[in-house]
Amino acid sequence: MTLSSRVLCLRLQHHLLLVILTIFLLCPAALAQNEEEDGPYRGKYLGKLNSYHHQVSGDVYAVNEYTFLIVGFNYDGNGADTFFWSGASNRPGPQGFIVPDEYGKTNILDRYHNKDFTLTLPDRKKITEIKWLAVYDLSSQNNFGDVYIPEEFDPPMSQLGGTFSKRSHNVSSSSVEILDSKTIRIKDFTYDGRGKRTFFWTGVGPQPSSRGSKLPDERGYLDPIRQYNKETIELELPGDKTIFDIDWISVYDVADNENYGHVLFNDKLNVPPSLVKVTPFEFSLPNCRQLHKDMQVSWEVFGPQITFQLSGQVGANDYMSFGISGSDVSSQMIGSDVVVAYIDDIRGYTVDYNITSLAPCVQVLGQNKGVCRDDVVGGLDSFQLNTYSRKDGINTISFRRTLKSSDDGDKEIFLDRSNYVIWAFGPLDSNNEPAFHTYYPKSDIVIDFNTTEPVNDCFAFTKRAETTNPPVWERTRITDATVRTFNAYLGPSGGLRGYQGLTNHVSSGLAWYINGYMIPELYLKRGLTYTFKVRGGNNPHSPEHYHPLVITDDPQGGYDRLSDAKQSEIRVLAGVEFTRRGRPKPTAAGPLCLSRYPQNSDRRLDDNFPTFKKFNRSLITECVEGEPALLEITPNITWPDTVYYNSFTHGNMGWKIHIVDSYTNLKSGSVGLSWSLCIILLPWLVLQN
């Protein structure tokens, strides 16, 4: 090698060393960010905490404009007056402010060991307004550890994307907003609902294609999507998928492989990380089908038997149900054969049910009708429980049955053709019976249990850190002393905002409407006589719509369904007389008057109504001709201060009656719904005739 060549080589090595040193000195966050690319997205990486004392360590990310995420934080807790501390000076010192801890408290810091949590700056201060975050002791003015905010730092923020392209079926929207790495908000979304099998669809590539996958709708369903009319919805990417894993979202019809409209996303979006908890789940059986964002079924056929596993992110008091449809050409609940699986404080259960009516199990002319256990209707429980567990809020229950049961009430599971199935999940009632299901499909669900290759479209369960129920509808109290007549008829119970939210009881699907209001609280004075005009159905052959009105001291209702022992504990105040043999007989069964949903409406959308008034206006009231049954009561001094009106046959349909000695004790304006206000409410005016 010549001298000139050696000099050139040394110069190149010198320049390369300078480049490497520059990268390490000026771009540590960028390098660290590259190190993080293989792990979950946590936001924009700021760096490791510089450790000076008391074993402080951890990685710091900017989640958004106001929030830090600290991963693997350690501190020995031995500081005397130590806090999370921040400020705008060049380096940590006494000029600064306390940053509340992960619980929002400003207490002296305790010991931390490898903990992950978020810190939010107080008073809506922004990360761009500070220069550092430190673990700082105020009494000694010692800095135990810190991380610096780079100049011209651009924190993650929600980003506006494009709009849905207008291709067909009236698909359109305003700007799509990417709220975080898993959540997309679509404003003014419109779709006419007339596609064949149309889904929210997502994938990679320059344009939507059939090589994508379903995206759960705003309620977690994987069914064909409904009609939308300028609605604002939020979609959450399923499992561990993030916005960085997709290129587009489409309204896509898989029957015709047609894209009705789509929106594209940029490659590098500086958005906040999602704080949704992702719980990976490994199923033990070879086949798996995702039924809903929060429920999946897996299975394996072995000889004449099939083993199932139901997994669901459900409440501790919830059930999961799955089974063969009552129809060979559609998914239909009536006539179906299902398992109801749940876990109590002691063990798991798989109970065989037969569904003959969309109502709780009741006796009709000596026969049990409705959602009834097989052993109650003369059949056999064909399911054999294998295993059960509850972990991280997920119930997992495995069981098996024969493909063709000896029980005539059981549906055969076919291997030579596809099977229409049904599923649901929701709360159990006080008797551990399934109450009205919270989640259930509206479309046909078809599964082939005998595929040559394993089938698996399941994904990890996701759950937001804070989930709250929607605010309940307005509570109604009728306190007008001049109101002596109450018109009682039936209507839908109204989702989480309605009966369930107002009473904290599970719902049977129907509720009493009194003078045009859903389950109002009534205030009646002792010594006065009141009349209930009852139109809850007088056909005892109907398991769904036979609801004599009763008044007892039991908040649950459904007196006729209770055991003799339980009935003996309840005081019946009105609506029931007893035969010579001591059997209860209702006295207030009037012709049916029912507020119902319009045709093709979806009761799963009840919580979209902000008020009961708007919900009530969406219903159609239909009444059978005939005079109402009259139930007259005169509360006296023996009546308890609180009693309940309810249905004789079904539980959880009514609410409270307050028995008072004087109306003057009631604060004016605190409850007040007068007769004059009631008069303006339709549809119950038609009941006055």
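Quantities reported herein were computed from a predicted structural model and do not represent experimental measurements. Numbering starts at 1 and runs along the sequence shown.
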Colleague: Taking atom types as modelled, is there a side-chain donor on Ser357 or Glu544 under 3.5 Å from an acceptor on the other?
Modeller: yes
Colleague: Which heavy atom in Leu291 sits nearest to a heavy atom in Phe322, and how many Å separate them?
Modeller: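 It is CD1-CD1, 4.0 Å.
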Colleague: Is it true that the side chains of Ser662 and Thr664 contain a donor and an acceptor less than 3.5 Å apart?
Modeller: yes
Colleague: Only pairs under 3.5 Å count here: list side-chain donor-acceptor contacts from residues 334-343, not counting sequence neighbours, and write none if there are none.
Modeller:
{"unit_1": "Ser336", "atom_1": "OG", "unit_2": "Met333", "atom_2": "O", "d": "2.5"}
{"unit_1": "Asp337", "atom_1": "OD2", "unit_2": "Arg401", "atom_2": "NH1", "d": "3.3"}
{"unit_1": "Asp337", "atom_1": "OD2", "unit_2": "Lys411", "atom_2": "N", "d": "3.0"}

Colleague: Please round to the nearest 0.5 Å and tell me the distance separating atom CG of Leu385 and atom OG of Ser398.
Modeller: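 Nearest 0.5 Å value for the CG-OG distance: 7.0 Å.
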Colleague: Measure the OH-CG distance between Tyr559 and Asp554 for me, rounded to the nearest 0.5 Å.
Modeller: 10.0 Å
Colleague: Should Ile397 and Phe383 count as side-chain neighbours, where that means a heavy-atom distance under 4.5 Å?
Modeller: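 Not in contact.
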Colleague: Check for a donor-acceptor pair, side chain of Arg497 on one end and backbone N or O of Asp607 on the other, with a separation under 3.5 Å.
Modeller: yes
Colleague: Are Phe486 and Leu524 close enough, and set up right, to give a side chain to side chain contact (heavy atoms under 4.5 Å, CB included), and what steps lead you there?
Modeller: CA-CA 11 Å; Phe486 300 102; Leu524 310 185; 3.6 Å; yes
Colleague: Give the ring-plane orientation class for Tyr221 versus Tyr439, where under 30° counts as parallel, over 60° as perpendicular and anything between as tilted.
Modeller: tilted
Colleague: Within the 3.5 Å criterion, strictly below it, is a donor on Thr531 or Thr485 matched to an acceptor on the partner's side chain?
Modeller: no
Colleague: Looking at every non-hydrogen atom in both residues, tell me the closest pair between Leu619 and Ser595 and how far apart they are.
Modeller: CD1-CB, 4.0 Å
Colleague: Quick one: side chain to side chain contact (heavy atoms under 4.5 Å, CB included) partners of Leu380, sequence neighbours excluded?
Modeller: Ser406, Asp407
Colleague: Could you check if a side-chain atom of Gln309 sits within less than 4.5 angstrom of a side-chain atom of Thr396, using non-hydrogen atoms only?
Modeller: yes
Colleague: More than 12 non-hydrogen atoms from neighbouring residues, nucleotides or ligands closer than 6.0 Å to CD on Gln367, yes or no?
Modeller: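 Check fails, neighbour count at 12 or below.
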Colleague: Taking atom CG of Asp408 as the centre, does the number of heavy atoms from other residues, nucleotides or ligands within less than 6.0 Å exceed 12?
Modeller: no
Colleague: Could you tell me whether a side-chain N or O of Gln313 sits under 3.5 Å from a main-chain N or O of Gly393, the two making a donor and an acceptor?
Modeller: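 No, because the side chain of Gln313 does not come within donor-acceptor range (under 3.5 Å) of the backbone of Gly393.
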Colleague: Using side chain to side chain contact (heavy atoms under 4.5 Å, CB included) as the criterion, list what pairs up with Ser647, not counting sequence neighbours.
Modeller: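 For Ser647 the side chain to side chain contact (heavy atoms under 4.5 Å, CB included) partners, ignoring immediate neighbours, are Trp512, His547, Thr649, His650, Met653.
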Colleague: Hydrogens and angles aside, do Thr621 and Tyr489 bring a side-chain donor and acceptor to less than 3.5 Å of each other?
Modeller: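 Not at all, the side chains of Thr621 and Tyr489 share no donor-acceptor pair under 3.5 Å.
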Colleague: Are Asp217 and Arg226 side-chain neighbours, meaning at least one heavy-atom pair lies under 4.5 Å?
Modeller: no
Colleague: Within a reach of under 6.0 Å around CZ of Arg390, are more than 12 heavy atoms found that belong to other residues, nucleotides or ligands?
Modeller: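 Yes - once you tally the heavy atoms of other residues, nucleotides and ligands closer than 6.0 Å, there are more than 12.
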Colleague: For the residue pair Phe612 and Tyr513, is the inter-centroid distance of their aromatic rings smaller than 6.0 Å?
Modeller: yes
Colleague: I'd like to know if the side chain of Tyr546 and the backbone of Phe648 have a donor-acceptor N/O pair within less than 3.5 Å.
Modeller: no
Colleague: With sequence neighbours excluded, what pairs up with Asn368 under the side chain to side chain contact (heavy atoms under 4.5 Å, CB included) test?
Modeller: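 Asn368 satisfies side chain to side chain contact (heavy atoms under 4.5 Å, CB included) with Cys361, Gln363, Cys372, Val376, Val377 once adjacent residues are dropped.
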Colleague: So does Asn354 get a backbone contact from the side chain of Asp374, meaning a donor-acceptor N/O pair under 3.5 Å?
Modeller: yes
Colleague: Sorted by first residue and then second, give each side-chain hydrogen bond (donor to acceptor under 3.5 Å, both in side chains) pair with at least one member in residues 568-579; sequence neighbours left out.
Modeller: Arg571-Thr638
Colleague: How many angstroms lie between OG in Ser321 and CD1 in Ile422, if you round to the nearest 0.5 Å?
Modeller: 6.0 Å
Colleague: Please check if the distance between the ring centroids of Phe200 and Phe189 is under 6.0 Å.
Modeller: yes
Colleague: Can any side-chain N or O of Asn395 pair as donor or acceptor with the backbone N or O of Gly312 at less than 3.5 Å?
Modeller: no
Colleague: Can you name the closest pair of heavy atoms from Val371 and Pro434 and give their distance?
Modeller: CG1-CG, 4.2 Å
Colleague: Check the pair Arg475 / Leu502 against side chain to side chain contact (heavy atoms under 4.5 Å, CB included), numbers first and verdict last.
Modeller: CA-CA 7 Å; Arg475 299 178 185 273; Leu502 293 167; 3.6 Å; yes
Colleague: Please check if the side chain of Asn170 supplies one atom and the backbone of Asp192 the other of a donor-acceptor pair under 3.5 Å.
Modeller: no
Colleague: Checking the side chain of Asp553 only, and the main-chain atoms of Ile570 only, is there a donor and an acceptor separated by less than 3.5 Å?
Modeller: no
Colleague: Do Glu433 and Pro360 have side chains that approach each other closer than 4.5 Å (heavy atoms only, starting at C-beta)?
Modeller: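 No, their side chains stay 4.5 Å or more apart.
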Colleague: Testing the basics here: between Tyr499 and Ala511, what is the closest heavy-atom pair and its distance to 0.1 Å?
Modeller: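 So the two residues come closest at CD1-CB, 4.3 Å.
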Colleague: Are there more than 12 heavy atoms of other residues, nucleotides or ligands under 6.0 Å from atom NZ of Lys442?
Modeller: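 Enclosed.
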Colleague: Using atom types as modelled and distance alone, determine if a side-chain donor or acceptor of Asp392 lies under 3.5 Å from a backbone N or O of Ile394.
Modeller: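 Not confirmed, Asp392 side chain does not pair with Ile394 backbone.
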Colleague: With heavy-atom distances below 4.5 Å as the criterion, would you say the side chains of Thr232 and Arg185 are in contact?
Modeller: yes
Colleague: If we count only N and O atoms by modelled type, under 3.5 Å, do the side chains of Gln556 and Ser430 hold a donor and an acceptor together?
Modeller: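 No, no side-chain donor-acceptor pair sits under 3.5 Å.
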Colleague: What's the separation between atom CD1 in Ile551 and atom CD1 in Ile659, rounded to the nearest 0.5 Å?
Modeller: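 Spacing of CD1 (Ile551) from CD1 (Ile659) equals 7.5 Å.
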Colleague: Is there a donor-acceptor contact under 3.5 Å from the side chain of Arg604 to the main chain of Arg219?
Modeller: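 No, Arg604 side chain to Arg219 backbone: no donor-acceptor pair under 3.5 Å.
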Colleague: Looking at Pro427 and Phe436, what are the two nearest heavy atoms and their distance?
Modeller: CD-O, 3.9 Å
Colleague: What class does the angle between the rings of Tyr523 and His658 fall in, given that below 30° is parallel, 30 to 60° is tilted and above 60° is perpendicular?
Modeller: parallel
Colleague: Would you indicate whether the side-chain heavy atoms of Tyr530 and Arg484 approach each other to under 4.5 Å?
Modeller: yes
Colleague: With sequence neighbours excluded, tell me which residues meet side-chain hydrogen bond (donor to acceptor under 3.5 Å, both in side chains) with Thr350.
Modeller: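 Result, side-chain hydrogen bond (donor to acceptor under 3.5 Å, both in side chains) vs Thr350: none returned.
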Colleague: First locate atom CD of Glu521, then atom OG1 of Thr479, and finally report the distance between them rounded to the nearest 0.5 Å.
Modeller: 11.0 Å
Colleague: So which atom in Tyr645 and which in Pro520 form the shortest heavy-atom distance, rounded to 0.1 Å?
Modeller: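 Smallest interatomic distance, heavy atoms only, reads OH-O, 2.7 Å.
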Colleague: Answer yes or no for Arg347 and Tyr349: cation-pi contact, defined as NZ/CZ to six-membered ring centre under 6.0 Å and angle to ring axis within 45°.
Modeller: yes
Colleague: Hey, are the side chains of Thr198 and Tyr191 touching, using non-hydrogen atoms and a 4.5 Å cut-off?
Modeller: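 The answer is yes; the side chains approach within 4.5 Å.
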Colleague: Return the CD1 to CH2 distance between Ile445 and Trp423, rounded to the nearest 0.5 Å.
Modeller: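 Here the interatomic distance stands at 7.5 Å.
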Colleague: Just by distance, with hydrogens left out, do Glu474 and Tyr517 show a side-chain donor and acceptor under 3.5 Å apart?
Modeller: no
Colleague: Could you give me the CA-CA distance, side-chain angles and deciding distance for Glu236 and Glu234, then say whether side chain to side chain contact (heavy atoms under 4.5 Å, CB included) is met?
Modeller: CA-CA 7 Å; Glu236 180 189 296; Glu234 289 186 9; over 6 Å; no
Colleague: Please confirm whether the backbone N or O of Gln296 pairs with a side-chain atom of Ser311, one donor and one acceptor, at under 3.5 Å?
Modeller: no
Colleague: Is the shortest side-chain heavy-atom distance between Val421 and Ile324 below 4.5 Å?
Modeller: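 Of all side-chain heavy-atom pairs linking Ile324 with Val421, at least one is under 4.5 Å.
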